[in-house]
There are 2 protein chains.
Amino acid sequence: MDGSIAPVLQTAEPLAVLAGGGALPVIVAAAAVRAGRPVMVIGIRGEADEEITAFPHKWVKWGEVGRLLAALRFHRAQDLVLVGRISSRPDYLSMSLDRGGSLVRQAILRIFNGGDNSVLLGAVRLFESRGFRIVGAHEIARELVVPASWLSRVQAIPRDLRDGEMAFGAAKAIGRLDIGQAAVAIAGRVVALEGAEGTDGMLERVAALRACGRIRWQGKAGALGKCAKPHQDLRVDMPTIGPETVRAVAAAGLAGIVVEAGQVMIAEREETIRLANNLGLFLVARESDAEGDV
Amino acid sequence: MDGSIAPVLQTAEPLAVLAGGGALPVIVAAAAVRAGRPVMVIGIRGEADEEITAFPHKWVKWGEVGRLLAALRFHRAQDLVLVGRISSRPDYLSMSLDRGGSLVRQAILRIFNGGDNSVLLGAVRLFESRGFRIVGAHEIARELVVPASWLSRVQAIPRDLRDGEMAFGAAKAIGRLDIGQAAVAIAGRVVALEGAEGTDGMLERVAALRACGRIRWQGKAGALGKCAKPHQDLRVDMPTIGPETVRAVAAAGLAGIVVEAGQVMIAEREETIRLANNLGLFLVARESDAEGDV
């Protein structure tokens, strides 16, 4: 944010980016290159965008752990960013493990038996136990997070801003229970809490509840609140919003978005803010209150 | 439960039942009649079942507040039970107020401006300010709530019972935030929290998330937890489960249900338990832990 170079970039050692889908892997790779750090992008087949081919890259399939580890070692990469959307959740039973994968079969089995949320954290442990260092996308591309600030030109009326604060507080509360990280409030009432469906799924639900009259409030009102869970591993599992989120918030008839400053990534920030302004939505980043204070 | 007659029934004064949909109004009316208390059922047109016509009854439309108050006064009913499902949320703008309704227009406007949840509480205040006493359905038909007990013949494996406890704890936590009263946990993870969509809507979501692989756990697993919010007005807004809930829990692939003893109504209890047994689901009522302990 301040134009200085992040400490993690002040090295000539190569940085590996294990890339899922969406624009984030390219943003991270470009930020590293801009800072003069060599980059190696490893795209997950069927997930990563073609745009990663603008960088030195390799493709791996789910389960090709041996191929992945070999590529990392060949390029002498010790620092690894895991970034991007994973749409097809890997299924251990249908995953064809290569030789390296078979060697870590026990670790992989433990990952998949632990339930959805443990997949990423299991992957982190797997890489760390082999000497790699996991680096957060926002440590490389620091513009992905924002300080406390009003981001949209659009302002909020007091009622909608109160809803944003209420939704933010509810999101923080369920985050402390390690459940979800987002909530929606409309006209002084929390109407939706995020579970396994994710933020976009929750916003679709709010749109549906308004369409069928179950939420009776007419016209643009209410807000989305989104924050990090207190014990979230921000290196691999940072809450993220982007243009899609803004579109879903508009479709749900909400008036704006309140995110946690420094803890929520804004993918494609310029486009996200432009879209919020065009759709008449407010977008604000706020600090979290002291623990237990919300 | 113990066969004694509830204190509220030890009077020959008529009891009025303002009836929404479903079996509950008839169950309440029948319980009063069994105890020797005269009953007057006032069915909300388009909501209440035809079965209410087995009792002395009158029909009113939304907004016919004057007609309703006149009927209550004519029958000298001071005690009033508000019970049954309201599927079509009343819309103040489309509601044709009768003369009595017009006189209480300000009160009704206040009710509708307060958001969904306040409709019932506003109705309570409206009736109480006119000298009526609101009685809970479970005070009349005491068999609607159950003490702490294992209700199904079906037992739970430890993993599913832990999920039930986890879901119950999450439901209690969001209840303390005055948001919802139910949650679902599967394999050690809370996957859904109830908001404005209601319990059935939440269970449909869990079914959909499993169908699309977003919740990857295969086979019957997990549980629904349901409890009262700490400040819920149990006279008019008691959490309820019934055969439909059991069917929705089975459709969501869950293994059972944990409800709060004494605080959650079980409509059509025999049918509900029979159905749980037939579908292989456990059903248990437990006490709530001390406040703040969950």
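Just so it is clear: chains get the letters A, B, ... in the order the sequence lines come, proteins before strands, and each one is counted from 1. A quick note: this is a predicted structure, and the numbers were derived from the prediction, not measured. As a basis for the values below, the full set of heavy atoms in this structure was taken, side chains included, without hydrogen atoms, waters or symmetry mates.
- Two residues are said to be in side-chain contact when any heavy atoms from C-beta on lie closer than 4.5 Å; A:Ile179 and B:Leu193 meet this criterion.
- In this structure, B:Gly198 and A:Arg214 approach most closely via the heavy-atom pair CA-NH2, 4.1 Å.
- Of all non-hydrogen atoms in A:Val191 and B:Glu197, the two that sit nearest each other are O-OE1, 4.0 Å.
- Under a cut-off of 6.0 angstrom, the local environment of CZ in B:Arg85 is sparse, with at most 12 non-hydrogen atoms contributed by other residues, nucleotides or ligands.
- Heavy atoms of A:Ile174 lying under 4.5 Å from chain B belong exclusively to its side chain.
- The salt bridge (charged side-chain N to carboxylate O under 4.0 Å, His left out) contacts involving residues 247-259 of chain A comprise A:Glu244-A:Arg247, where partners must be two or more places apart or lie in separate chains.
- For A:Glu204, there are no salt bridge (Lys or Arg N to Asp or Glu O under 4.0 Å) partners at least two apart in sequence or on another chain.
- Counted within 6.0 Å of CD on B:Gln218, heavy atoms from surrounding residues, nucleotides or ligands total 12 or fewer; the atom is thus considered open.
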